[in-house]
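Only one structure is covered here, and it is reproduced in the block below.
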Amino acid sequence: MRYIEPHGHMVSRTTDDYQDMVTTGCAAVCEPAFWAGFDRSSADGFQDYFCQLTEYEPKRAAKFGLPHFSWLCINPKESEDLALAKDVIGIIPQFLDRPNVLGIGEIGLNKNSRNEMKVLEMHVDLAARHDQLILVHTPHLEDKLKGTRLILDVLRADKRIRPERCIIDHVEEHTIQLVLDAGFWAGMTLYPESKCSPARAIDMLDLFSHERIWMNSACDWGVSIPLAVPRTALEMKRRGWPVDLIDKVVYRNPIEFLSQCPKFKLP
Ligand SMILES: [Zn+2]
């Protein structure tokens with residue numbers, strides 16, 4: 001089996017996880033900037049984090065033969081503080097030329113607040129000005145549908161943004177069609193407890209589409225499984241999916257999206 005892990009927060013994982021991923025056929029891992037589990041106290045904390053994502057972590061992954069890419073932003077959970085968000089967005093451009101940076105993400109909404117919306121618009125503007133791909137986080141609360149609609153409205157309102165260059169992550173049964181119909185890519189996050197289980201993800205692939213869609217583990221410091229993608233691929237096989245179609249969903253689809261950034265190259 002070969003697959004891409006398009007969304008893993010590897011700074012919070014162990015070297016065993018890297019070894020397991022490579023052993024199961026992982027060909028590349030992509031790491032969006034996210035919440036550290038606590039609020040950072042200043043833009044300097046983000047400066048250090050962006051260095052970690054673009055310097056240290058690719059080296060750590062390379063020790064296990066795994067290409068590592070990253071996405072940069074201030075995440076929605078820390079977007080209530082507009083002054084901090086402006087400072088952080090101000091330092092991102094100096095990192096955009098780094099060889100493993102694919103775009104702006106994971107931006108989006110958490111509680112769908114007014115300030116989060118403002119920071120989302122600032123990120124979308126940043127991406128448009130620098131011609132970057134966009135990776136969007138949708139809220140996990142009961143407001144997912146409302147949050148997804150708000151996010152799509154912001155993206156569609158900016159005429160510089162092309163939907164095929166944006167992926168809307170953490171889709172569920174009630175949001176996937178909205179995302180795909182608007183021309184965006186959709187990400188399904190495979191979590192053991194919340195978000196989307198492997199069984200639900202495969203049901204969605206059966207019901208909706210296997211075009212413009214990827215699956216990820218979004219593994220981080222919480223309850224999550226770094227091998228969720230290959231395990232789901234095994235479950236697809238058990239359910240009778242043709243090997244070629246499984247390969248498309250777990251390997252060729254993410255490559256198709258990510259290759260829109262010329263820096264995404266596999267050895
Ligand atoms: Zn994430």
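Values in this document were obtained by computation on a predicted structure and should not be read as measured data.
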Give me the atom names and distance for the closest heavy-atom approach of [X] to [Y].
X    : Y    : result
N110 : P76  : N-CB, 3.8 Å
I161 : L155 : CB-O, 3.8 Å
A28  : L66  : N-CD1, 3.7 Å
V179 : A186 : CG1-CB, 4.0 Å
T175 : V171 : OG1-CA, 3.4 Å
A218 : T189 : CB-CG2, 3.5 Å

Do the ring planes of [X] and [Y] sit parallel (below 30°), tilted (30 to 60°) or perpendicular (above 60°)?
X    : Y    : value
H137 : H170 : perpendicular
W214 : W185 : tilted
W35  : W221 : perpendicular

Are [X] and [Y] connected, step by step, through hydrophobic side chains (Ile, Leu, Val, Met, Phe, Trp, Tyr) whose heavy atoms are closer than 4.5 Å?
X    : Y    : value
F257 : L266 : yes
I246 : L207 : yes
M215 : V243 : no
Y56  : Y18  : no

Full working for side chain to side chain contact (heavy atoms under 4.5 Å, CB included) between H140 and K144: CA-CA 6 Å; H140 300 305; K144 183 180 279 290; 4.2 Å; yes
Derivation and outcome, side chain to side chain contact (heavy atoms under 4.5 Å, CB included), residues I92 and F50: CA-CA 8 Å; I92 290 175; F50 296 157; 3.7 Å; yes
Please confirm whether the backbone N or O of [Y] pairs with a side-chain atom of [X], one donor and one acceptor, at under 3.5 Å?
X    : Y    : result
H123 : I74  : yes
S113 : K111 : no
E172 : H174 : no
Q260 : E164 : yes
K263 : V101 : yes
E116 : S79  : no
E78  : N75  : no
T138 : D169 : yes

State, yes or no, whether a side-chain contact exists between [X] and [Y] at a heavy-atom distance under 4.5 Å.
X    : Y    : result
I107 : L135 : no
N112 : P139 : yes
P32  : S70  : no
V229 : L190 : yes
N100 : E57  : no

Ion pair [X]/[Y], N-O distance below 4.0 Å:
X    : Y    : value
R165 : D131 : yes
D39  : K77  : no
K86  : D81  : no

Does [X] [atom1] have over 12 foreign heavy atoms under 6.0 Å away?
X    : atom1 : result
R149 : CZ    : no
K146 : NZ    : no
R160 : CZ    : yes

Test log, rule side chain to side chain contact (heavy atoms under 4.5 Å, CB included), inputs R13 and C219: CA-CA 8 Å; R13 305 303 312 191; C219 57; 4.1 Å; yes
Validation row, ring centre Y251 to ring centre Y3 under 6.0 Å: no
Step-by-step side chain to side chain contact (heavy atoms under 4.5 Å, CB included) determination, V154 to D158: CA-CA 7 Å; V154 168; D158 192 320; over 6 Å; no
Geometric cation-pi criterion, R212 with F184: 6.0 Å, 45°: no
